[in-house]
Amino acid sequence: MEYRHLGRSGLMVSEISYGNWITHGSQVEEDAAVECVRAALDEGVTTFDTADVYAGTRAEEVLGRALKGVRRESLEIFTKVYWPTGEGKNDRGLSRKHIVESINGSLRRLQTDYVDLYQAHRFDVETPLEETLRAFDDLVRQGKVLYVGVSEWTADQIARALKIADEMGFDRLVSNQPQYSMLWRVIEAEVVPLCEKEGLGQIVWSPIAQGVLTGKYQPGQPPPAGSRATDPSGSGFISRLLEDDVLRRVQDLKPIAADLGLTMAQLAVAWVLQNPNVSSAIVGATKPEQVRDNVKASGVKLDAEVLKKIDDVLGAVVERDPAKTVSPSARP
Ligand SMILES: NC(=O)c1ccc[n+]([C@@H]2O[C@H](COP(=O)([O-])OP(=O)(O)OC[C@H]3O[C@@H](n4cnc5c(N)ncnc54)[C@H](OP(=O)(O)O)[C@@H]3O)[C@@H](O)[C@H]2O)c1
């Protein structure tokens, strides 16, 4: 496993992180979840990503139990706040009240005194940015959070936050967590150039497009048994990627991966890591073999000719529109 700085910060993260959205506390039983975490640790993964909202807060509990006994200094634990964690009107968003209550819940469930990175899971249009950033900064001063970042914010939202942080003397954002894969490149036009200039790193999610870029979903065929597309908690999220035109083109990537001696999953993860603004690719897994497969993408270099072949195969199905980075227009 190779390691990179998280943006311009001093924090090192594993190039490949392990995330537990849809899996822990939901799609997979606890013993399989623990086996995946063990496989990740064995392979040199030190960075683990979760969120208060995953599996209705159960995912943080599962991760906390799975990491119990591991030397805390050897881990980077990331979590997030924004999406609803309860029925109440204040159980959501980025108000000072919810941020303070949510971090306390996350620390309890993760069985740790601090998280390495605390991320605003979306932009909250109903809270002044100053309120959110001061609350984040307070958590840093209290030692509950070491670094702060955001997820799926636009370049303009990130720029506004940096300006306020500089004016008010708050801790600066060190990272953004966007969706990024060969199929979904919407950060390249605006978010990445700003983040490169300002020293934020990308921690990218769904680098394998939720399993689609493994090539296991065949055009015109039902999804394979046990895959995310057949799971009640996951099928809604992956369905938009399962169009025949996308799946046909993904099948055409197979010779490119084979020529390089890579699996399709490794090619997908290696592809996002070619972007120097990417600090880490967060992979999900339902089985330890998947973790062992995916981590081998660390350190792989893809040359310009390979990148061009990939672009030629995927053609028009690649999404590049920066307007696709969106947060809800009202609090969920
Ligand atoms: N910030 C955000 O808004 C946001 C949103 C989404 C995710 N995330 C983060 O990103 C992490 C990763 O997201 P993701 O799970 O969608 O990423 P992904 O790595 O693109 O997809 C993971 C899924 O693909 C399948 N898979 C993975 N490796 C495979 C392999 N080698 N062979 C065959 N199938 C394989 C598995 O599902 P099956 O076995 O079920 O097919 C696995 O659960 C999340 O856990 C979370 O931490 C963040």
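When a residue number appears, it is its place in the shown sequence, counting from 1. What's counted below: heavy atoms across the whole structure, side chains too, no hydrogens, waters or symmetry copies. Please read these numbers as outputs of a predicted model, since none were measured by experiment.
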Undergrad: Measuring only between side-chain heavy atoms, which start at C-beta, is V283 closer than 4.5 Å to P207?
TA: yes

Undergrad: Indicate whether the side chain of D231 and that of S233 have a donor and an acceptor atom separated by less than 3.5 Å.
TA: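 Their side chains do contain a donor-acceptor pair, which is all the 3.5 Å distance test asks for.
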
Undergrad: Answer whether the closest heavy-atom distance between the side chains of V300 and L273 falls below 4.5 Å.
TA: no

Undergrad: Begin with the C-alpha distance, continue with both residues' side-chain angles, and end with the deciding distance and a verdict on side chain to side chain contact (heavy atoms under 4.5 Å, CB included) for D124 and Y82.
TA: CA-CA 8 Å; D124 181 6; Y82 170 83; 3.9 Å; yes

Undergrad: Scan side-chain atoms only and decide if N20 and T50 contain a donor-acceptor pair under the 3.5 Å cut-off.
TA: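 Result is yes, a qualifying pair exists.
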
Undergrad: Looking only at side chains, do S175 and Q119 share a donor and an acceptor under 3.5 Å apart?
TA: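 No, no side-chain donor-acceptor pair sits under 3.5 Å.
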
Undergrad: Would you check, one step at a time, whether the test side chain to side chain contact (heavy atoms under 4.5 Å, CB included) holds for R38 with L41?
TA: CA-CA 5 Å; R38 291 282 144 194; L41 291 165; 4.3 Å; yes

Undergrad: Do D52 and S106 pair up side chain to side chain, a donor and an acceptor below 3.5 Å, judged on atom types alone?
TA: no

Undergrad: Could D252 and R248 be called an ion pair, given the rule that one side-chain N must be under 4.0 Å from one carboxylate O?
TA: no

Undergrad: Quick test of your reading of the model: are R134 and E130 salt-bridged, counting only N-O distances below 4.0 Å?
TA: no

Undergrad: Do side-chain atoms of W153 reach the backbone of N176 as a donor and acceptor pair under 3.5 angstrom?
TA: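 Not a single qualifying donor-acceptor pair exists.
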
Undergrad: Taking S14's backbone N and O only, do any of them form a donor-acceptor pair with S280's side chain (distance below 3.5 Å, no angle check)?
TA: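 Yes; at least one donor-acceptor contact below 3.5 Å.
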
Undergrad: Tell me whether the rings of W271 and Y180 are parallel (<30°), tilted (30 to 60°) or perpendicular (>60°).
TA: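 Taking Y180 first and then W271, their aromatic rings sit tilted (interplane angle of 30° to 60°).
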
Undergrad: Please say whether more than 12 non-hydrogen atoms of neighbouring residues, nucleotides or ligands are located less than 6.0 Å from CD in E305.
TA: no

Undergrad: Is there a donor-acceptor contact under 3.5 Å from the side chain of R8 to the main chain of K197?
TA: yes

Undergrad: Please determine whether the number of non-hydrogen atoms from other residues, nucleotides or ligands lying under 6.0 Å from atom CD of E188 exceeds 12.
TA: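 Enclosed.
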
Undergrad: For a quick check under 3.5 Å, do E15 and S298 share a side-chain donor-acceptor pair by atom type?
TA: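 There is such a pair (donor and acceptor under 3.5 Å, judged by atom type) between the side chains of E15 and S298.
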
Undergrad: Between I256 and V313, does a side chain to side chain contact (heavy atoms under 4.5 Å, CB included) hold up when you go through it step by step?
TA: CA-CA 10 Å; I256 301 177; V313 166; 4.0 Å; yes

Undergrad: Check whether V295 and V34 end up in the same hydrophobic cluster, where Ile, Leu, Val, Met, Phe, Trp and Tyr are linked by side-chain heavy atoms less than 4.5 Å apart.
TA: no

Undergrad: Assess the side chains of E76 and T46: does a donor N or O sit below 3.5 Å from an acceptor N or O?
TA: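 Present: a donor and an acceptor within the cut-off.
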
Undergrad: For the NZ atom on K68, are there more than 12 heavy atoms of other groups (residues, nucleotides or ligands in this structure) within a distance under 6.0 Å?
TA: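 At most 12 heavy atoms, drawn from other residues, nucleotides or ligands, come within 6.0 Å of this atom.
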
Undergrad: Out of curiosity, T154 OG1 to I187 CD1, how far, rounded to the nearest 0.5 Å?
TA: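 One finds 13.0 Å between OG1 of T154 and CD1 of I187.
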
Undergrad: Is a donor on one side and an acceptor on the other found under 3.5 Å between the side chain of E101 and the backbone of H98?
TA: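 It does not hold such a pair.
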
Undergrad: Any salt bridge between R96 and D138, counting N to O under 4.0 Å?
TA: yes

Undergrad: Classify the angle between the aromatic ring planes of W205 and W21 as parallel (below 30°), tilted (30 to 60°) or perpendicular (above 60°).
TA: perpendicular

Undergrad: Identify whether the distance between the nearest side-chain nitrogen and carboxylate oxygen of R292 and D42 falls below 4.0 Å.
TA: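 Judged by the 4.0 Å cut-off on N to carboxylate O distance, R292 and D42 do form a salt bridge.
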
Undergrad: Quick check: closest heavy atoms across V272 and V204, and the distance to 0.1 Å?
TA: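 Shortest heavy-atom contact: CG2-CG2, 3.9 Å.
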
Undergrad: So, for A281 and V269, which heavy atoms are closest and what is the spacing to 0.1 Å?
TA: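 For A281 and V269, the tightest heavy-atom pair comes out as CB-CG1, 4.1 Å.
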
Undergrad: Looking at Y147, does the NZ or CZ of R172 lie under 6.0 angstrom from its six-membered ring centre and within 45 degrees of the ring axis?
TA: no

Undergrad: Are a donor atom and an acceptor atom from the side chains of N277 and Q202 found within less than 3.5 Å of each other?
TA: yes

Undergrad: Is a salt bridge present between R185 and E319, judged by a nitrogen-to-oxygen distance below 4.0 Å?
TA: no

Undergrad: Should L11 and L117 be counted in the same cluster of Ile, Leu, Val, Met, Phe, Trp and Tyr side chains packed under 4.5 Å apart?
TA: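 Same cluster: L11 reaches L117 through Ile, Leu, Val, Met, Phe, Trp or Tyr contacts under 4.5 Å.
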
Undergrad: Under 4.5 Å between any side-chain heavy atoms of D137 and L133, yes or no?
TA: no

Undergrad: Could you check whether any side-chain N or O of R249 sits under 3.5 Å from a backbone N or O of L314, counting only pairs where one atom can act as donor and the other as acceptor?
TA: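 Answer holds: yes.
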
Undergrad: Applying ring pair (Phe, Tyr, Trp, His ring centres under 6.0 Å) to H24 and Y18, what does each step give before you reach the verdict?
TA: CA-CA 11 Å; H24 290 190; Y18 174 90; 5.6 Å; yes

Undergrad: Taking R109 for its side chain and E61 for its backbone only, find out whether a donor-acceptor pair lies under 3.5 Å.
TA: no

Undergrad: Taking 4.0 angstrom as the limit, do K309 and D303 come out as a salt bridge?
TA: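 Not counted as a salt bridge, because no side-chain N and carboxylate O are separated by less than 4.0 Å.
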
Undergrad: Look at the side chain of S206 and the backbone N and O of I208, then say whether any donor-acceptor pair between them is shorter than 3.5 Å.
TA: no

Undergrad: Crowded around E73 CD? As in, over 12 foreign heavy atoms under 6.0 Å?
TA: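 Check passes, neighbour count above 12.
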
Undergrad: Quick one: closest heavy-atom pair of V28 and A32, and the distance?
TA: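 Looking at all heavy atoms of both residues, the closest pair is CB-CB, 4.2 Å.
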
Undergrad: Would you mind checking if E30 and R65 are paired as a salt bridge, meaning a charged N to carboxylate O distance below 4.0 Å?
TA: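 Judged by the 4.0 Å cut-off on N to carboxylate O distance, R65 and E30 do form a salt bridge.
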
Undergrad: Tell me whether W184 is reachable from V317 by hopping between hydrophobic residues (I, L, V, M, F, W, Y) whose side-chain heavy atoms are closer than 4.5 Å.
TA: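 No, V317 does not connect to W184 through the hydrophobic network.
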
Undergrad: Using distance alone, with no hydrogens and no angle criterion, decide if D49 and Q177 have a side-chain donor and acceptor under 3.5 Å apart.
TA: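 Yes, Q177 and D49 have a side-chain donor paired with an acceptor closer than 3.5 Å.
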
Undergrad: What's the separation between atom CD in E60 and atom CG in L110, rounded to the nearest 0.5 Å?
TA: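 These two atoms lie 4.5 Å from each other.
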
Undergrad: With side chains defined as the heavy atoms from C-beta onward, is the minimum distance between M182 and L213 less than 4.5 Å?
TA: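 Yes, their side chains come closer than 4.5 Å.
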
Undergrad: Say you draw a straight line from CD of E35 to CD of E289; how long is it, rounded to the nearest 0.5 Å?
TA: 8.0 Å

Undergrad: Hey, is R160 close enough to D156 for a salt bridge, meaning N to O under 4.0 Å?
TA: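 Yes, this pair counts.
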
Undergrad: I'd like to know if the side chain of R92 and the backbone of G88 have a donor-acceptor N/O pair within less than 3.5 Å.
TA: yes

Undergrad: Can you hop from L302 to I16 via hydrophobic side chains spaced under 4.5 Å?
TA: yes

Undergrad: Looking only at heavy atoms, which two atoms of A265 and D293 are closest? And how far apart?
TA: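 Of all heavy-atom pairs spanning A265 and D293, the closest is CB-OD2, 3.9 Å.
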
Undergrad: For the hydrophobic clusters of this structure (ILVMFWY residues joined by side-chain heavy atoms under 4.5 Å, transitively), does one cluster hold both I22 and I203?
TA: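 Unlinked, I22 and I203 end up in two clusters.
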
Undergrad: L75 versus D116: any side-chain heavy-atom pair under 4.5 Å?
TA: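 Heavy-atom side-chain distance check fails, nothing below 4.5 Å.
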
Undergrad: Quick one: does any side-chain atom of S26 pair with a main-chain N or O of T23 as donor and acceptor, under 3.5 Å?
TA: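 Checked: no pair found.
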
Undergrad: Would you mind reporting whether T79 and Y118 have side-chain heavy atoms less than 4.5 Å apart?
TA: yes

Undergrad: Where is the tightest heavy-atom contact between I99 and L94, given as atom of each residue plus distance?
TA: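 Here I99 and L94 meet closest at CD1-O, 3.5 Å.
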
Undergrad: Side chains of Y217 and I238: does their closest heavy-atom pair fall under 4.5 Å?
TA: yes

Undergrad: Step through it carefully: locate the ring centre of F48, locate the ring centre of F78, and say whether they are under 6.0 Å apart.
TA: no

Undergrad: So, E126 side chain and R331 main chain: donor-acceptor pair closer than 3.5 Å or not?
TA: yes

Undergrad: Compare all side-chain heavy atoms of W83 with those of T85 and state whether any distance is below 4.5 angstrom.
TA: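 No, their side chains stay 4.5 Å or more apart.
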
Undergrad: Which heavy atom of G149 sits nearest a heavy atom of F136, and at what distance?
TA: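 Result for this residue pair: O-CE2, 3.8 Å.
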
Undergrad: Hey, what's the ring geometry for Y54 with H121, parallel, tilted or perpendicular (30° and 60° as the breaks)?
TA: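 Plane angle over 60°, so perpendicular.
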
Undergrad: Apply side chain to side chain contact (heavy atoms under 4.5 Å, CB included) to the pair S279 and H5, showing each step before the final yes or no.
TA: CA-CA 6 Å; S279 297; H5 278 273; over 6 Å; no

